[in-house]
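The block underneath contains the structure these notes are about, expressed in structure tokens.
Please read all numbers here as calculations on a predicted model, not as lab measurements. In what follows, chains are A, B, ... by sequence order, proteins preceding strands, each numbered from 1.
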Amino acid sequence: MSSLQFWKPGTVGPGSTLDRATEAEGSVISSAPIGAAVSIQAARERLPIFKHKEKLLYCVENYGVTILVGQTGCGKTTQLPQYLHEAGWAADGNVIACTQPRRVAATSVAARVATETLLDPLLSRYSVVMIDEAHERSVYTDLMLGVLKKIRRKRPSLRVIVSSATLDAAGFLDYFSSGNPPGEATIVSLEGRMYPVHIAHLEQPTPDYVAKAIDVVWNINLQRSSGDVLVFLTGREEIDRCLEGLAELLPTLPRGATRLKLHALHSGLPMDEQLAAFEPAERGFRKVIVSTNIAEASVTIEGIKYVVDSGFVKIRTYNPTTSLSSLSTIPVSRASAIQRAGRAGRTSYGACYRLYPASTFESLPPTTQPEITRTDLTTPILQLKSLGIDDLMKFEWVSSPPAEAVLRALESLVASGMVGEDGRLTVIGEKVAECPVEVNIARMLFASKDYQCGEEILTIAAMTTVQDVFVIPDGAAGALAELERRKFTAEEGDHLTLLNAYNAFTRYGRSSSWCKAHALSFRALSRAVSIRAQLKKYMQRFGLPIENCQGDAKRLRQCIVSGYWRNGAKWMADGTYRSVRGNVVLHVHPNSVLFTRKPRSGWVIFHEMEETKKTQIRILTEIEPDWLLEYGHKFHDKRTGVGVSVR
DNA sequence: CTGTCTTTA
């Protein structure tokens, strides 16, 4: 996700996590803005970008698009906007904007730009728009680049700055040059602030990179000078296995050898455990952090001297034909492998041990497939339409998504009434485009007026948006957690169970200790509270009443169906389900309260499905089959000729 | 029999 972040020129700009980590003291994990340390003149002039100031300003003056290649930590994010401000780009009421991944997110951009654009399609208030970390290629940086290219055709005075990693710069140059006169775009390179990193590869491929990682970490500790170790694996299960393996070796550590402090790092951990990985190790200890991709770009850990890279990553892909998303483990790109290695060279020279042969590195794809080519496009296309881009055939994608994905997204927008047969946004489509949630949730919120259950639907919307509400510890604690969870269980299914958990959380003081005692995630619930508050504002803005359902769970379930009627499924005697659309075999996620129970009616609706080894459905609620027909008859799939039928 | 990442003026 990416966004426009607006700030007053002359104040400290929004640094990226990466830039900030070198410019601020200590560890940085959150995306909270730092203080004003960087405004000290001497510190500013020490940054590598300072030497390039004149050149940069020359390029912005003379080229429409400046592609800025700079290593993380060179100061581009914090300094460039100030240079532009000093050079007068913010004079006469002009605005310099900067967008970033992992910041205020995208709908707000679309919505904000949309509100202005509908009145001011050429963004004439903006003199310069900077897209930061563009090489990460999030859906919204890609959309913004496309929109900016279009705007520049109509208003050449707009300046665009695209900050990028080395490998991707030529691609951005081609993109902005194509179809434009010469001199449209240029590349500026800034020197980084990196120390050399020695790269080592295995001679032979390994059949078990977790075992190999344990081996390599152990040998680094015995044979290499002091400095912390960062290991890249793909997920929680691997991380736990690696840490267990290392823990088993600890008693064999020779007398006098450096001792090890072991840490896991992945997004599923409670915040205090995540923060622990950022604490410096005690004297006489070497810190080993075994991490997912979270440490590749999202957070920076100081003091890493050794990186161990499995060469794999988990990535989400989406199949528009089956509407199935899946999480698969694939080899990383060369760009990722280089980025991971770079984590060893931030404070001194370092070393990276790749758990695969050099020949494998050469055969890796140069970059990761951009997210826009492997995601559900329903929301992105709704947002493009809200920006007035109705003719998607003419939109210049940085990377084109599959035609099938565009088509399916349009179909689903038409089916849900967001887009009319003429291809333009409907009245409700315009409103939903402003809502920071997926279309199905927004439909549910709008329908709550008819079912008089806005208060509860708001909570359900927020709770289905956050993840991992119920904590599942291993072993005996897991069984205990299961007992705790039963206290919230609703007969009707997971949506109401989530509602119960939320209500209990707010009733009992929103405390972290209460969550711990009831096997709930404090982080997830706190997030749900804040999302709910935001959604409530949207409902009030659209004049939707926030009524209590007075304990009528049937109304609530019918309202959920209004958003999710395409996700109906029928129970089978073997405990699996069949999807109403497509008759696909579905397995209930083990986290569901309906995992071991047959729904009385034999029918459910589900929030989402995902392909793992099997096709799994998550967040289920029991429904009556005729509730599906009520919505289903309005929708007939033109491609397959299959409507929603309930047999 | 189970969570890569991110997450909306």
side-chain hydrogen bond (donor to acceptor under 3.5 Å, both in side chains) against A:Thr459, all qualifying residues, sequence neighbours excluded
A:Arg532
For atom CG of A:Leu535 and atom P of B:dT8, their distance in whole Å:
10 Å
Could you please name the option among B:dC5, B:dT4, B:dA9 that lies closest to any side-chain atom of A:Ser267?
B:dC5
Separation of B:dC5 atom P from A:Phe312 atom CZ, nearest Å, is 18 Å
Comparing A:Ile472 with A:Gln534, nearest DNA chain B nucleotide closer to 5' gives the residue A:Ile472
Find the distance A:Ile330:CD1 to B:dC5:C1' and express it as a whole number of Å.
13 Å
Would you mind classifying the nucleic acid contact of A:Leu327 as base, sugar-phosphate or nothing, using non-hydrogen atoms under 4.0 angstrom?
base
Sugar-phosphate, base or nothing in reach of A:Phe470, heavy atoms under 4.0 Å
base
Please enumerate all residues that pass side-chain hydrogen bond (donor to acceptor under 3.5 Å, both in side chains) together with A:Arg523, with sequence neighbours excluded.
none
Specify the separation, in whole Å, of atom CG of A:Leu265 and atom P of B:dT4.
13 Å
How would you list all residue pairs meeting salt bridge (charged side-chain N to carboxylate O under 4.0 Å, His left out) that involve residues 324-340 of chain A, not counting sequence neighbours?
A:Glu296-A:Arg340, A:Asp309-A:Arg340
Mind checking ring-ring contact (aromatic ring centres under 6.0 Å, His included) for A:Tyr564 and listing every partner two or more places apart, or none if nothing turns up?
A:His607
Checking B:dT4, B:dC5, B:dT2 against the side chain of A:Arg316 (C-beta onward), the nearest is B:dT4
Euclidean distance, atom CG of residue A:Asp494 to atom C1' of B:dT2 [Å, nearest integer]
13 Å
Shortest non-hydrogen separation from A:Cys435 to A:Ala442 and the atoms involved:
CB-CB, 4.5 Å
Counting only side-chain N and O atoms of A:Arg527, is one of them less than 4.0 Å from OP1 or OP2 of B:dT8?
yes
How about A:Val217 and A:Tyr353: do any of their side-chain heavy atoms sit closer than 4.5 Å?
no
Please confirm whether the shortest side-chain N or O distance from A:Lys537 to OP1 or OP2 of B:dT8 is below 4.0 Å.
no
Round to the nearest Å and state the distance from A:Asn293 atom CG to B:dT4 atom C1'.
7 Å
The nucleotide from B:dC1, B:dT4, B:dT6 with an atom nearest the side chain of A:Phe595 is B:dC1
Whole-Å gap separating C1' (B:dT2) and CD (A:Glu611):
17 Å
Rounding to a whole Å, what distance do you find between A:Ile315:CD1 and B:dT4:P?
14 Å
Quick one: is A:Thr292 getting a side-chain N or O under 4.0 Å of the B:dC5 phosphate, OP1 or OP2?
yes
Residues touching DNA chain B, which here means a heavy atom under 4.0 Å, drawn from residues 231-238 of chain A
A:Thr234, A:Gly235, A:Arg236
Test of understanding: with salt bridge (charged side-chain N to carboxylate O under 4.0 Å, His left out), list the residues that count as partners of A:Lys487, not counting sequence neighbours.
A:Glu484
